[in-house]
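The basis for the numbers below is simple: all heavy atoms, side chains too, and nothing from hydrogens, waters or symmetry mates. Here is how names work: the chains are called A, B, and so on, in the same order as the sequence lines, proteins then strands, and each is numbered from 1.
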Amino acid sequence: MARRNKEVEALLQEYADLVLITGGDAFKARAYEKAARAIGGHHADVAGLDAEGLREIPNVGKSIADKVVEYLRTGQMAAVEDVRDRIPAGVRELMAIPTLGPKKAVALYEELHISSLTELVAALDEGRLRDMKGFGPKTEDNIRHGIALMRAAGDRVPLNAAMELAEDIVADLSAVTGCERCAYAGSLRRMRETIGDIDILVAADDSAPFMEAFTRLPHTAEIVVGGAKKTSVRTAEGLQVDLRVVPPDSWGAGLQYFTGSRAHNIRTRELAVHNRLKLSEYGLFDTETGEKVVSKSEEEVYARLGLPWIPPTLREDRGEVRAGARGELPHLVGEKDIRGDLHTHTDLTDGLSPLEDMVRTAAELGYTYYAVTDHAPDLYMQRMTDEKALAQRERVRALDREYHGMRLLHGTELNIGPDGGVDWPEGFLEGFDICVASVHSHFNQSPEAQTRRLVKACEHPRVNVIGHPTTRIIGKRPPLDLDLDAVFAACARTGTALEVNSHPDRLDLSDENILRAKRHGVKFAIDSDAHSVTHLAYMRYGVGTAQRGWLTKDDVINTWPLTRLRAFLRKA
DNA sequence: GCCGTTTTCGGCCCGACTGTTTTCAGTCG
């Protein structure tokens with residue numbers, strides 16, 4: 001029961017690629033790309049919209065709206081089918097090889113009739129690419145190399161892995177003589193849930209020492225490109241890291257540019273053009289005189305465009321530029337706003353650290369409250385019993401008396417059974433300060449049954465938070481197939497919070513689902529779901545994800561004072 | 001193909017690097 005938006009997005013993106021492959025107008029291809037993205041990110045299911053409704057989505061005009069209606073009604077889009085008849089699907093797949101774009105892909109198809117990776121490898125081995133115009137020996141090497149990379153996964157890496165590497169590199173480059181500023185930018189600064197490559201920016205007068213130091217870092221396994229202003233390396237794990245060095249005076253414009261996203265940059269550059277300005281990574285310039293207007297800080301650049309500084313986590317072209325222009329940017333929830341963690345484990349069930357260690361680490365993080373929520377009996381391998389839970393409660397109450405700045409809450413993470421019921425009867429649950437409830441099994445029920453299951457859990461008078469609501473594991477397990485809007489509505493109606501699980505493998509809810517849920521008026525809990533003391537620090541990734549979902553302090557129950565939180569937990 | 005408080009036509013972000021080129025096309029971000 002997934003929304004059909006993603007499916008339509010993929011189809012329009014395919015058409016955009018095919019327009020390029022067939023040598024069509026590049027601006028037309030871009031128009032389809034923009035529409036694809038707009039539809040993919042639109043809050044309402046396009047299946048429920050007519051042509052008129054579709055045209056209200058930005059960048060969707062008459063032509064695309066009609067094509068989408070045609071597709072939703074007949075299951076086909078004639079324009080796409082037409083091109084598919086002429087261009088085998090494999091040709092488009094060739095474009096996935098780095099350094100191989102639409103022009104080379106179509107040249108390979110038209111001259112050598114290559115339309116699959118296998119055929120391309122065979123042609124390479126037979127030396128058949130050598131006679132082609134525009135294909136020299138280096139091109140051949142690059143294609144071989146690209147194929148090898150693609151086969152070696154070359155996947156995006158989890159947010160925390162990229163973050164740890166980036167912070168290492170920033171520390172190393174900051175120590176190089178002449179470094180005025182150094183920071184990571186790109187999707188990492190925007191806190192996307194996975195990272196394809198790392199962008200590092202340095203401000204310095206002389207770039208040479210940084211390029212030199214960068215290529216000699218212990219992480220560097222291979223130099224991809226090496227220039228005076230830009231150098232790219234690949235780590236042993238296959239992650240690409242780009243270093244750009246800009247003059248100190250260009251720091252703000254450079255950071256703005258390299259943080260992206262691409263779509264956000266296009267939006268801000270268009271705004272610049274409308275103001276007779278030109279925006280590049282070197283600064284904001286007057287179009288007529290060519291004189292630099294501003295460039296030192298991001299704040300100056302945005303201000304000259306008539307905008308407040310836009311937090312990097314919002315820079316996805318999801319309306320942040322328009323909201324900024326109107327003075328309607330949300331005051332995003334920040335790490336400092338988090339007063340406590342409401343979903344954590346100890347070694348009583350499947351955690352690794354003892355209760356005392358978890359509590360001490362939480363206190364060091366400066367929390368004013370902290371909930372211990374070990375698993376309930378249904379996850380039988382964890383061997384939880386009524387007696388163990390009650391004994392733990394005594395230890396929690398005793399510890400609570402020792403910590404003066406931090407109140408301890410005794411909670412549990414209930415298992416939502418296949419029918420929506422939870423382990424432990426209501427009478428026993430009354431003794432807990434907070435109950436998180438999550439799905440841990442039976443992932444393949446019908447969408448209708450799955451939806452009923454989650455809605456029923458929300459309606460339970462003792463369930464306060466739905467933990468990792470879609471149960472996805474990024475790159476491993478798909479999200480539950482259910483009617484999310486029905487679940488979101490149930491949460492809003494019953495006073496049940498949705499979790500933003502901060503574990504980098506989960507980040508569940510995702511940014512897009514947070515945006516959808518917020519429209520229903522749902523409240524959220526950003527939790528670490530820590531299973532050891534080191535996991536408590538994952539909170540930063542949950543906060544980043546919440547920011548990407550435009551959440552404010554008021555949306556997040558664990559930023560609230562304890563009295564307001566307790567009132568919410570009563571579900572009155 | 002989309003869009004509009006300069007425009008319903010004529011724009012559409014912009015620069016770096018590579019490779020195969022004798023002046024630039026393709027790709028990438």
Side-chain angles (χ1 to χ4, degrees), chain A residues 12 15-17 19-21 23-39 54-68 79 94-108 129-143 145-146 185-187 190 195-201 207 211 223-232 240-246 250 253-254 256-285 287 305 317 321 325:
Chain A
L12 293 174
Y15 190 62
D17 288 345
V19 167
L20 289 176
I21 289 173
D25 180 9
F27 291 114
K28 177 174 165 181
R30 185 182 296 171
Y32 275 95
E33 277 178 15
K34 284 164 116 174
R37 256 183 48 80
I39 286 174
L54 284 163
R55 290 193 62 178
E56 283 175 20
I57 302 173
N59 299 311
V60 177
K62 179 173 187 334
S63 175
I64 292 180
D66 288 346
K67 286 189 175 75
V68 172
L94 295 179
M95 286 173 62
I97 301 168
T99 74
L100 220 168
K103 295 288 192 293
K104 288 203 174 80
V106 76
L108 288 168
L129 267 58
R130 282 171 205 162
D131 306 329
M132 287 178 61
K133 189 162 171 249
F135 284 69
K138 293 295 284 181
T139 302
E140 198 170 309
D141 283 352
N142 286 340
I143 293 175
H145 197 191
S187 55
R190 303 198 312 277
I195 304 299
D197 55 39
I198 295 176
D199 297 291
I200 307 281
L201 187 65
S207 69
M211 298 311 182
I223 299 168
V224 183
V225 296
K229 296 178 173 175
K230 170 184 174 175
T231 294
S232 299
Q240 182 166 320
V241 187
D242 298 338
L243 171 64
R244 298 291 294 243
V245 180
V246 297
S250 300
Q256 196 279 333
Y257 177 80
F258 293 113
T259 296
S261 65
R262 227 171 118 77
H264 175 85
N265 285 355
I266 289 171
R267 191 69 69 186
T268 49
R269 285 175 179 213
E270 282 171 355
L271 198 55
V273 169
H274 282 293
N275 287 291
R276 294 173 174 247
L277 298 165
K278 186 190 74 170
L279 179 60
S280 78
E281 59 264 53
Y282 298 110
L284 194 56
F285 299 87
T287 310
L305 295 175
D317 190 26
V321 170

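- Between Tyr15(A) atom OH and dC2(B) atom C1' the separation is 14 Å, expressed in whole Å.
- Using a 4.0 Å heavy-atom cutoff across all strands shown, Asn59(A) reaches sugar-phosphate atoms only and no base atom.
- Atom name P, nucleotides dA16(B) and dG10(B): the rounded distance is 31 Å, in whole Å.
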What string of B, S and - do you get for nucleotides 14-21 of chain B, 5' to 3', if B is base contact, S is sugar-phosphate-only contact and - is no contact with any protein heavy atom under 4.0 Å?
-> SSSSSSS-
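- When the salt bridge (charged side-chain N to carboxylate O under 4.0 Å, His left out) test is applied to Asp141(A), no partner is found at least two apart in sequence or on another chain.
- The interatomic distance linking Gln240(A) (CD) with dC28(B) (P) rounds to 11 Å, in whole Å.
- Backbone-only engagement by Ile97(A) is indicated by non-hydrogen atom pairs under 4.0 Å involving sugar-phosphate atoms exclusively.
- In this entry dT8(B) has no Watson-Crick or G-U wobble partner, no candidate having both defining distances under 3.5 Å.
- Arg55(A) meets the salt bridge (charged side-chain N to carboxylate O under 4.0 Å, His left out) test with no other residue; sequence neighbours excluded.
- Looking at every heavy atom in both residues, Ala107(A) comes nearest to Met132(A) through O-CE, 3.7 Å.
- Rounded to whole Å, atom P of dG11(B) lies 14 Å from atom NE2 of His274(A).
- A side-chain donor from one of Asp242(A) and Gln240(A) sits under 3.5 Å from a side-chain acceptor of the other.
- Residue Phe27(A) is classed as a base contact, given a heavy-atom separation below 4.0 Å to a base.
- As judged by a 4.0 angstrom heavy-atom cut-off over every strand, Arg276(A) is placed among the base-contacting residues.
- Residue order along DNA chain B, read from the 5' end via each residue's closest nucleotide, puts Ile64(A) first among Pro98(A) and Ile64(A).
- Spacing between atom CG of Asp199(A) and atom P of dG29(B) amounts to 9 Å, rounded to whole angstrom units.
- At whole-Å resolution of the value, CG in Leu100(A) and C1' in dC28(B) are 13 Å apart.
- Taking atom CD on Glu270(A) and atom C1' on dT7(B), their separation rounds to 15 Å, with Å as the unit.
- A glycosidic torsion no more than 90° from 0 defines the syn conformation; dT6(B) lies beyond that range and is anti.
- Here dT5(B) presents its C1' atom at 14 Å from CG of Leu271(A), a figure rounded to the nearest Å.
- In this structure, NZ of Lys62(A) is placed 10 Å from P of dC2(B), rounded to the nearest angstrom.
- When each of Gly101(A) and Asn265(A) is assigned the nucleotide of DNA chain B with its nearest heavy atom, Asn265(A) is the one assigned upstream, toward the 5' end.
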